[in-house]
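Read the structure below first, then the notes.
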Amino acid sequence: MSAKIIDGKAISAIVNQENADEINKLKAMGITPGLAVILVGEDPASQLYVNSKVKKCQELGINSQKYVLDKNATMEELLELIDKLNNDNSIHGILVQSPPPPQIDEEKVVEAILPSKDVDCFHAENVGKMLIGKEDGFFPCTPYGVMILLEKSGIEVSGKHAVIIGRSNIVGKPMMALMVQKNKNANATVTCVHSATRNLKEIVKTADIVIAAIGKAEFVTADMIKEGAVVIDVGINRVADENAPKGYRVVGDVKYDEVAEVASYITPVPGGVGPMTIAILMRNTINSCKRHNKID
Ligand code: NDP
């Protein structure tokens, strides 16, 4: 079998067109959604992520504010900035790019952001709402992006066995929560495997849908995949490549070429889940703006 490619660029373009339409409606009412992105330090990968979020805001007409704090910035300085943005009516979404330097307590940062502006869906209030299936919080950008990829690719999730590899608070756990919800686009039977799992390979091989989010380059190989399974690769890993202009190339958590021979559908890296994450971030910011302005 040769897998069909799930084109995240094309599907995110559809979501972003919906985003643009919503923004135009808001602008006609004199309202502009605003997103504040905070970066502490100069981590090159983080800079890249922050810049691509700001660029997408600019393309769509979202007011983006980028704050770059020194790598030695204190918790107090960061909390002061968050407090200012919490109280700024022109800002509807606030995010602090991960990972911050060690003096920054990420948990405290997440707690400091107003839940109504927590467009990443990291705050316990929003995570709880997502878990019980309430829609008045936010859905987390990457896992929800995966749900939209599946839906817009016409892949039935209901009744399928989904195996999620990885249990981080950002990807694996919320991915489980979204896949198991009792609604027509979810309804999966969910298994999550992680570093303490015994027989990981055998369990993954039972999956109809595999979602890999472990941060290990090309970890998932063809012998772990059932013929015809759907494979979603969340991983973004840099591997050294002296033939590449930058000295490295970006690969996922899935050994793409060989897994594509076994799977029915597969996401590429780059160009799969990545663009969806940003599109959902934009959508969350727009939804937050509508709520803050009491627009249905
Ligand atoms: P984390 O490092 O926070 O979590 C990795 C998870 O994988 C952990 O649960 C860990 O288990 C598990 N794991 C690690 N090694 C193994 C192993 N050998 N066998 C089984 N399980 C293992 O990563 P994230 O969830 O934040 O990110 C995962 C990947 O997704 C990364 O490549 C990241 O760059 C990418 N990513 C991509 C995004 C996108 O927009 N496309 C957005 C966010 C992340 P344990 O809990 O036991 O330690």
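Hydrogens, waters and symmetry mates are skipped; everything else that's a heavy atom, side chains included, is used. Just so you know, ligand 1 is whichever comes first in the structure, and atom 1 is the first atom listed for that ligand.
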Closer than 4.0 angstrom: is that true for some heavy atom of Gly274 and an atom of ligand 1?
-> yes

Decide whether a cation-pi geometry holds between Arg249 and Tyr256; the criteria are a distance under 6.0 Å from NZ or CZ to the six-membered ring centre and an angle within 45° of the ring axis.
-> no

Mark yes or no for whether Asn19, through its side chain, and Met282, through its backbone, hold a donor-acceptor pair below 3.5 Å.
-> no

Should the proximity of Met276 to ligand 1, defined as any heavy atom under 4.0 Å, be assigned to the side chain, the backbone, both, or neither?
-> neither

Nearest non-hydrogen protein atom to atom 8 (C) of ligand 1, with distance, is Arg167 N, 3.9 Å

Distance-only, no hydrogens or angles: does the Asn185 side chain make a donor-acceptor pair with backbone N or O of Glu151 under 3.5 Å?
-> no

Just to confirm, does any protein heavy atom lie below 4.0 Å from atom 39 (C) of ligand 1?
-> yes

for atom 43 (C) of ligand 1, nearest protein heavy atom and its distance come out as Val171 CG2, 3.8 Å

Proximal ligand 1 atoms for Thr277, defined as those under 4.0 Å from one of its heavy atoms | 39 (C), 40 (O)

Are Glu111 and Lys108 within salt-bridge range, i.e. N to O under 4.0 Å?
-> no

Shortest non-hydrogen pair, Val163 vs Ala207, comes out as CG2-CB, 3.5 Å

So is Val193 polar-close to ligand 1, meaning N/O to N/O under 3.5 Å?
-> no

Should Tyr49 be counted as touching ligand 1, given the test is an N or O pair under 3.5 Å?
-> no

Would you mind running through ligand 1 and noting each atom that sits below 4.0 Å from a heavy atom of His194?
-> 11 (O), 20 (C), 21 (N), 47 (O)

Tell me, which protein residue and heavy-atom name are nearest atom 42 (C) of ligand 1, and how many Å apart are they?
-> Thr142 OG1, 3.2 Å

What atoms in ligand 1 come closer than 4.0 Å to a heavy atom of Asn237?
-> 32 (O)

Distance to 0.1 Å, residue and atom name: give those for the protein heavy atom nearest to atom 32 (O) of ligand 1.
-> Ile236 N, 3.0 Å

Is it the case that Asn51 and Gln47 place a side-chain donor and acceptor less than 3.5 Å from each other?
-> no

Check the side chains of Ser98 and Glu106 for a donor-acceptor pair under 3.5 angstrom, ignoring hydrogens and angles.
-> yes

If only atom types and distance count, is the side chain of Asp233 paired as donor or acceptor with the main-chain N or O of Val254 below 3.5 Å?
-> yes

Would you mind checking which non-hydrogen protein atom is closest to atom 18 (N) of ligand 1, with the distance to 0.1 Å?
-> Phe219 CE1, 3.4 Å

Have a look at Ser168, Pro99, Gly145, Gly272 and point out the one with the heavy atom closest to atom 1 (P) of ligand 1.
-> Ser168

Can a salt bridge be assigned to the pair Glu18 and Lys152 using a cut-off of 4.0 Å between side-chain N and carboxylate O?
-> yes

Atom 22 (C) of ligand 1: closest protein heavy atom, distance to 0.1 Å, is Ile214 CG2, 3.7 Å

Out of Ser98, Gly215, Ser195, Gly166, indicate the one that has the non-hydrogen atom closest to atom 11 (O) of ligand 1.
-> Ser195

Are Asp296 and Lys290 within salt-bridge range, i.e. N to O under 4.0 Å?
-> no

Do me a favour and list the nearest non-hydrogen protein atom to atom 35 (C) of ligand 1 with residue, atom name and distance?
-> Val234 O, 3.4 Å

Would you please say whether a donor-acceptor pair under 3.5 Å links the side chains of Asn187 and Lys160?
-> no

